2 protein chains.
Amino acid sequence: MTSSPCYCTALKAASRRLAALYDEALKPVGVNIAQFSLLRRVRRAETVTLTELGRLAELDRSTIGRNVRVLERMGLVALSRGEDQREAVVRLTPAGHQALVDGDPLWDGVQDAIDARLGPTGVLELFTTLRDF
Amino acid sequence: MTSSPCYCTALKAASRRLAALYDEALKPVGVNIAQFSLLRRVRRAETVTLTELGRLAELDRSTIGRNVRVLERMGLVALSRGEDQREAVVRLTPAGHQALVDGDPLWDGVQDAIDARLGPTGVLELFTTLRDF
DNA sequence: AACCATTGCGGGCATATACCCGCGATATGA
DNA sequence: TCATATCGCGGGTATATGCCCGCAATGGTT
(Lines give C-alpha, C1' and ligand atoms only; values in the text may rest on other atoms or scores of the structure.)
Protein backbone atom coordinates (compact mmCIF):
# COMPACT_ATOMS: atom_id res chain seq x y z
CA MET A 1 0.00 0.00 0.00
CA THR A 2 1.10 3.49 -0.84
CA SER A 3 0.25 4.78 2.61
CA SER A 4 2.72 2.51 4.40
CA PRO A 5 5.70 4.15 6.06
CA CYS A 6 8.66 4.86 3.78
CA TYR A 7 11.67 2.89 4.93
CA CYS A 8 14.02 5.46 3.55
CA THR A 9 12.31 8.41 5.20
CA ALA A 10 12.14 6.59 8.51
CA LEU A 11 15.80 5.69 8.31
CA LYS A 12 16.78 9.22 7.41
CA ALA A 13 14.77 10.68 10.27
CA ALA A 14 16.30 8.24 12.73
CA SER A 15 19.70 9.07 11.30
CA ARG A 16 19.13 12.79 11.89
CA ARG A 17 17.91 12.22 15.45
CA LEU A 18 20.88 10.01 16.23
CA ALA A 19 23.34 12.45 14.66
CA ALA A 20 21.86 15.23 16.78
CA LEU A 21 22.58 13.13 19.88
CA TYR A 22 26.23 12.68 18.95
CA ASP A 23 26.57 16.29 17.84
CA GLU A 24 25.28 17.49 21.18
CA ALA A 25 27.68 15.25 23.08
CA LEU A 26 30.63 16.35 20.95
CA LYS A 27 29.92 20.07 21.27
CA PRO A 28 32.72 20.63 23.82
CA VAL A 29 35.20 19.42 21.20
CA GLY A 30 33.80 21.69 18.51
CA VAL A 31 33.20 19.01 15.89
CA ASN A 32 30.09 17.19 14.73
CA ILE A 33 29.73 13.44 14.41
CA ALA A 34 30.51 13.42 10.69
CA GLN A 35 33.76 15.25 11.32
CA PHE A 36 34.61 13.16 14.36
CA SER A 37 34.01 9.97 12.44
CA LEU A 38 36.25 11.21 9.66
CA LEU A 39 38.97 12.08 12.17
CA ARG A 40 38.69 8.58 13.62
CA ARG A 41 39.18 7.09 10.18
CA VAL A 42 42.26 9.19 9.58
CA ARG A 43 43.68 8.16 12.94
CA ARG A 44 43.09 4.50 12.15
CA ALA A 45 44.78 4.85 8.77
CA GLU A 46 47.56 7.21 9.95
CA THR A 47 48.01 8.51 6.42
CA VAL A 48 45.42 8.06 3.72
CA THR A 49 44.52 9.56 0.37
CA LEU A 50 41.23 11.31 -0.28
CA THR A 51 40.06 8.59 -2.63
CA GLU A 52 40.87 5.86 -0.10
CA LEU A 53 39.16 7.84 2.64
CA GLY A 54 36.09 8.14 0.46
CA ARG A 55 36.07 4.41 -0.12
CA LEU A 56 36.33 3.73 3.60
CA ALA A 57 33.59 6.18 4.50
CA GLU A 58 31.36 5.20 1.58
CA LEU A 59 31.30 8.82 0.51
CA ASP A 60 31.89 10.45 -2.83
CA ARG A 61 35.48 11.56 -3.26
CA SER A 62 34.48 15.16 -3.82
CA THR A 63 32.46 15.07 -0.61
CA ILE A 64 35.48 13.79 1.28
CA GLY A 65 37.63 16.46 -0.29
CA ARG A 66 35.38 19.24 0.94
CA ASN A 67 34.88 17.72 4.40
CA VAL A 68 38.61 17.30 4.82
CA ARG A 69 39.19 20.90 3.81
CA VAL A 70 36.91 22.00 6.64
CA LEU A 71 38.95 19.94 9.09
CA GLU A 72 42.08 21.45 7.58
CA ARG A 73 40.78 24.98 8.17
CA MET A 74 40.07 23.91 11.76
CA GLY A 75 43.70 22.81 12.03
CA LEU A 76 42.76 19.22 12.84
CA VAL A 77 44.27 17.56 9.76
CA ALA A 78 47.09 18.40 7.37
CA LEU A 79 47.10 17.77 3.63
CA SER A 80 50.19 17.01 1.56
CA ARG A 81 51.11 15.44 -1.76
CA GLY A 82 51.82 11.73 -1.97
CA GLU A 83 54.62 10.03 -3.88
CA ASP A 84 52.12 9.88 -6.67
CA GLN A 85 51.86 13.61 -7.25
CA ARG A 86 48.16 13.30 -7.96
CA GLU A 87 47.35 12.02 -4.51
CA ALA A 88 46.37 14.27 -1.61
CA VAL A 89 47.45 12.61 1.61
CA VAL A 90 45.64 13.35 4.88
CA ARG A 91 47.25 13.19 8.31
CA LEU A 92 46.15 14.24 11.79
CA THR A 93 47.74 17.30 13.35
CA PRO A 94 48.51 17.37 17.08
CA ALA A 95 45.29 19.35 17.52
CA GLY A 96 43.45 16.66 15.59
CA HIS A 97 44.89 13.99 17.87
CA GLN A 98 43.86 16.04 20.88
CA ALA A 99 40.32 16.46 19.53
CA LEU A 100 40.06 12.70 19.32
CA VAL A 101 41.46 12.24 22.81
CA ASP A 102 38.93 14.75 24.12
CA GLY A 103 36.07 13.37 22.05
CA ASP A 104 36.56 9.67 22.61
CA PRO A 105 34.98 9.52 26.07
CA LEU A 106 32.07 11.69 24.90
CA TRP A 107 31.56 9.45 21.91
CA ASP A 108 31.82 6.38 24.15
CA GLY A 109 29.11 7.83 26.35
CA VAL A 110 26.63 8.02 23.50
CA GLN A 111 27.56 4.57 22.26
CA ASP A 112 27.10 3.13 25.74
CA ALA A 113 23.75 4.84 26.13
CA ILE A 114 22.59 3.29 22.89
CA ASP A 115 23.95 -0.10 23.87
CA ALA A 116 22.00 0.13 27.10
CA ARG A 117 18.80 1.07 25.33
CA LEU A 118 18.97 -1.55 22.60
CA GLY A 119 20.71 -4.40 24.39
CA PRO A 120 23.26 -6.71 22.74
CA THR A 121 20.73 -8.54 20.58
CA GLY A 122 19.09 -5.31 19.48
CA VAL A 123 22.39 -3.88 18.34
CA LEU A 124 23.29 -7.05 16.51
CA GLU A 125 19.94 -7.23 14.74
CA LEU A 126 20.16 -3.58 13.75
CA PHE A 127 23.60 -3.94 12.24
CA THR A 128 22.63 -7.12 10.42
CA THR A 129 19.66 -5.34 8.91
CA LEU A 130 21.59 -2.20 7.98
CA ARG A 131 24.26 -4.22 6.25
CA ASP A 132 21.61 -5.53 3.87
CA PHE A 133 20.84 -2.05 2.60
CA MET B 1 35.98 0.31 23.17
CA THR B 2 36.77 3.23 20.97
CA SER B 3 37.36 1.03 17.96
CA SER B 4 33.81 -0.34 17.89
CA PRO B 5 31.61 0.67 14.97
CA CYS B 6 29.87 4.01 15.31
CA TYR B 7 26.12 3.51 15.33
CA CYS B 8 25.54 6.92 13.87
CA THR B 9 27.99 6.50 11.03
CA ALA B 10 26.62 3.08 10.20
CA LEU B 11 23.07 4.42 10.20
CA LYS B 12 24.01 7.36 8.04
CA ALA B 13 25.80 5.16 5.54
CA ALA B 14 22.84 2.79 5.35
CA SER B 15 20.59 5.79 4.96
CA ARG B 16 22.64 7.04 2.01
CA ARG B 17 22.67 3.63 0.35
CA LEU B 18 18.93 3.27 0.79
CA ALA B 19 18.25 6.78 -0.47
CA ALA B 20 20.33 6.04 -3.57
CA LEU B 21 18.09 3.03 -4.24
CA TYR B 22 14.92 5.12 -4.08
CA ASP B 23 16.50 7.96 -6.04
CA GLU B 24 17.45 5.58 -8.82
CA ALA B 25 13.94 4.11 -8.96
CA LEU B 26 12.33 7.57 -8.98
CA LYS B 27 14.55 8.95 -11.74
CA PRO B 28 11.84 8.66 -14.42
CA VAL B 29 9.71 11.04 -12.36
CA GLY B 30 12.51 13.54 -11.94
CA VAL B 31 12.40 13.78 -8.15
CA ASN B 32 14.52 12.28 -5.40
CA ILE B 33 13.21 10.38 -2.40
CA ALA B 34 13.32 13.41 -0.11
CA GLN B 35 11.19 15.38 -2.56
CA PHE B 36 8.86 12.45 -3.22
CA SER B 37 8.37 11.90 0.48
CA LEU B 38 7.57 15.57 0.92
CA LEU B 39 5.06 15.44 -1.94
CA ARG B 40 3.42 12.43 -0.30
CA ARG B 41 3.06 14.34 2.93
CA VAL B 42 1.48 17.27 1.15
CA ARG B 43 -0.95 14.94 -0.61
CA ARG B 44 -1.92 13.34 2.68
CA ALA B 45 -2.53 16.72 4.28
CA GLU B 46 -4.11 18.35 1.19
CA THR B 47 -3.16 21.78 2.47
CA VAL B 48 -0.54 22.34 5.13
CA THR B 49 1.63 25.16 6.43
CA LEU B 50 5.42 25.05 6.30
CA THR B 51 5.72 24.81 10.06
CA GLU B 52 3.26 21.91 10.21
CA LEU B 53 5.04 20.18 7.34
CA GLY B 54 8.29 20.56 9.20
CA ARG B 55 6.76 19.02 12.29
CA LEU B 56 5.44 16.08 10.29
CA ALA B 57 8.74 15.48 8.51
CA GLU B 58 10.84 16.09 11.61
CA LEU B 59 12.75 18.73 9.70
CA ASP B 60 13.69 22.27 10.59
CA ARG B 61 11.15 24.76 9.30
CA SER B 62 13.74 26.61 7.28
CA THR B 63 14.79 23.33 5.66
CA ILE B 64 11.19 22.64 4.70
CA GLY B 65 10.85 26.14 3.34
CA ARG B 66 13.81 25.70 1.02
CA ASN B 67 12.83 22.19 -0.06
CA VAL B 68 9.30 23.33 -0.83
CA ARG B 69 10.64 26.20 -2.88
CA VAL B 70 12.50 23.71 -5.06
CA LEU B 71 9.28 21.78 -5.61
CA GLU B 72 7.57 25.06 -6.38
CA ARG B 73 10.17 25.89 -9.03
CA MET B 74 9.52 22.43 -10.48
CA GLY B 75 5.82 23.28 -10.62
CA LEU B 76 4.85 20.41 -8.36
CA VAL B 77 3.45 22.43 -5.46
CA ALA B 78 1.89 25.86 -5.10
CA LEU B 79 2.40 28.25 -2.20
CA SER B 80 -0.18 30.73 -0.95
CA ARG B 81 -0.97 32.74 2.16
CA GLY B 82 -3.21 31.25 4.84
CA GLU B 83 -6.01 33.00 6.71
CA ASP B 84 -3.33 33.81 9.19
CA GLN B 85 -1.29 36.08 6.95
CA ARG B 86 1.92 34.75 8.45
CA GLU B 87 1.31 31.22 7.25
CA ALA B 88 2.60 29.88 3.93
CA VAL B 89 0.20 27.16 2.78
CA VAL B 90 1.40 24.38 0.49
CA ARG B 91 -0.80 22.53 -1.99
CA LEU B 92 -0.10 20.06 -4.80
CA THR B 93 -0.43 21.27 -8.37
CA PRO B 94 -1.87 18.94 -11.02
CA ALA B 95 1.71 18.22 -12.07
CA GLY B 96 2.50 17.38 -8.47
CA HIS B 97 -0.42 14.97 -8.34
CA GLN B 98 0.76 13.40 -11.57
CA ALA B 99 4.30 13.01 -10.22
CA LEU B 100 2.86 11.08 -7.31
CA VAL B 101 0.70 8.94 -9.58
CA ASP B 102 3.75 8.16 -11.68
CA GLY B 103 6.04 7.65 -8.74
CA ASP B 104 3.81 5.54 -6.52
CA PRO B 105 4.40 2.25 -8.35
CA LEU B 106 8.14 2.92 -8.52
CA TRP B 107 8.22 3.67 -4.83
CA ASP B 108 6.11 0.57 -4.14
CA GLY B 109 8.65 -1.48 -6.06
CA VAL B 110 11.50 -0.44 -3.79
CA GLN B 111 9.41 -0.91 -0.68
CA ASP B 112 8.41 -4.40 -1.81
CA ALA B 113 12.00 -5.32 -2.60
CA ILE B 114 13.00 -4.29 0.90
CA ASP B 115 10.07 -6.16 2.41
CA ALA B 116 11.18 -9.26 0.55
CA ARG B 117 14.75 -8.93 1.73
CA LEU B 118 13.99 -8.24 5.38
CA GLY B 119 10.82 -10.24 5.88
CA PRO B 120 7.92 -9.10 8.06
CA THR B 121 9.74 -9.65 11.35
CA GLY B 122 12.85 -7.91 10.09
CA VAL B 123 10.88 -4.84 9.10
CA LEU B 124 9.07 -4.76 12.41
CA GLU B 125 12.26 -5.09 14.41
CA LEU B 126 13.93 -2.38 12.39
CA PHE B 127 11.12 0.09 12.91
CA THR B 128 10.91 -0.70 16.59
CA THR B 129 14.62 -0.01 16.93
CA LEU B 130 14.56 3.16 14.88
CA ARG B 131 11.71 4.58 16.90
CA ASP B 132 13.92 4.41 19.99
CA PHE B 133 16.44 6.80 18.47
C1' DA C 1 59.66 7.85 -27.29
C1' DA C 2 54.99 8.95 -28.39
C1' DC C 3 50.22 8.10 -27.68
C1' DC C 4 46.30 6.95 -25.24
C1' DA C 5 43.68 5.20 -21.38
C1' DT C 6 43.29 5.51 -16.50
C1' DT C 7 43.59 7.67 -12.15
C1' DG C 8 43.30 11.42 -8.46
C1' DC C 9 41.74 15.97 -7.66
C1' DG C 10 39.61 20.57 -7.75
C1' DG C 11 35.78 23.27 -8.92
C1' DG C 12 31.03 24.15 -10.52
C1' DC C 13 26.32 23.16 -9.67
C1' DA C 14 22.35 21.52 -7.09
C1' DT C 15 19.92 19.72 -3.13
C1' DA C 16 19.56 18.74 1.93
C1' DT C 17 19.99 20.18 6.55
C1' DA C 18 20.37 23.14 10.81
C1' DC C 19 20.94 27.43 13.48
C1' DC C 20 20.42 32.25 14.05
C1' DC C 21 18.44 36.87 13.24
C1' DG C 22 15.07 40.06 12.06
C1' DC C 23 10.43 41.40 10.29
C1' DG C 24 5.71 41.41 10.22
C1' DA C 25 1.32 39.26 11.91
C1' DT C 26 -1.31 37.58 15.69
C1' DA C 27 -2.69 36.77 20.31
C1' DT C 28 -2.67 38.17 25.27
C1' DG C 29 -2.90 40.99 29.33
C1' DA C 30 -3.19 45.22 31.69
C1' DT D 1 -6.83 50.08 23.38
C1' DC D 2 -2.14 49.62 23.72
C1' DA D 3 2.02 47.35 24.95
C1' DT D 4 4.16 42.98 24.99
C1' DA D 5 4.91 38.34 24.05
C1' DT D 6 4.51 34.82 20.73
C1' DC D 7 4.31 32.88 16.24
C1' DG D 8 5.41 32.00 11.10
C1' DC D 9 8.63 33.06 7.61
C1' DG D 10 12.56 34.56 4.78
C1' DG D 11 17.33 35.10 4.40
C1' DG D 12 22.20 34.57 5.83
C1' DT D 13 25.71 31.30 6.99
C1' DA D 14 27.77 26.83 7.31
C1' DT D 15 28.26 21.85 6.66
C1' DA D 16 27.04 17.55 4.07
C1' DT D 17 26.31 15.11 -0.11
C1' DG D 18 26.49 13.66 -5.09
C1' DC D 19 27.26 14.32 -10.12
C1' DC D 20 29.79 16.11 -13.85
C1' DC D 21 33.74 18.29 -16.18
C1' DG D 22 38.33 19.34 -16.95
C1' DC D 23 43.31 19.19 -15.71
C1' DA D 24 47.43 17.05 -14.49
C1' DA D 25 49.95 12.87 -13.33
C1' DT D 26 50.64 7.97 -14.14
C1' DG D 27 50.82 3.77 -16.58
C1' DG D 28 50.63 0.71 -20.49
C1' DT D 29 51.12 -0.16 -25.61
C1' DT D 30 53.16 0.12 -29.76
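Keep in mind it's a predicted model, so treat the numbers as computed, not measured.
- Within 4.0 Å (heavy atoms only), Arg66(A) reaches at least one base atom of the nucleic acid.
- In terms of modelled atom types and a separation under 3.5 Å, the side chain of Arg81(A) and the main chain of Arg86(A) share a donor-acceptor contact.
- No side-chain donor-acceptor contact under 3.5 Å links Arg61(A) to the backbone of Glu52(A).
- The number of heavy-atom neighbours closer than 6.0 Å to CD of Glu46(B), taken from other residues, nucleotides and ligands shown, is 12 or below.
- Using modelled atom types, no side-chain atom of Asp102(B) and backbone atom of Val29(B) make a donor-acceptor pair closer than 3.5 Å.
- Base contact: Ser62(B) has a heavy atom under 4.0 Å from a base atom.
- Neither Leu11(A) nor Leu124(B) shares a network with the other; the hydrophobic side chains, linked directly or stepwise wherever heavy atoms of I, L, V, M, F, W or Y lie under 4.5 Å apart, form separate groups for each.
- Nearer to the 5' terminus of DNA chain D, by closest-nucleotide assignment, is the contact made by Val70(A) (compared with the other of Glu83(A) and Val70(A)).
- Nearer the 5' end of DNA chain D, as judged by each residue's closest nucleotide, is the contact made by Arg61(A), out of Arg61(A) and Asp84(A).
- Side chain of Arg41(B) to backbone of Leu56(B): a donor-acceptor contact under 3.5 angstrom is found.
- Looking at Glu58(A) and Arg17(B), a side-chain N of the basic residue comes within less than 4.0 Å of a carboxylate O on the acidic one, giving a salt bridge.
- If you check every strand for non-hydrogen atoms under 4.0 Å, Thr51(B) touches sugar and phosphate atoms only.
- Map Arg86(A) and Met74(B) each onto its nearest nucleotide of DNA chain C; the residue landing nearer the 5' end is Arg86(A).
- Running 5' to 3' along DNA chain D, contacts with non-hydrogen atoms of chain A at under 4.0 Å begin and end at dT15(D) to dT26(D).
- Relative ring orientation between Trp107(B) and Tyr22(B) is described as tilted, the plane-to-plane angle lying within the 30° to 60° band.
- On the nucleic acid side, DNA chain C contacts chain B at distances under 4.0 Å to non-hydrogen atoms, with the end points of that region at dT15(C) to dT26(C).
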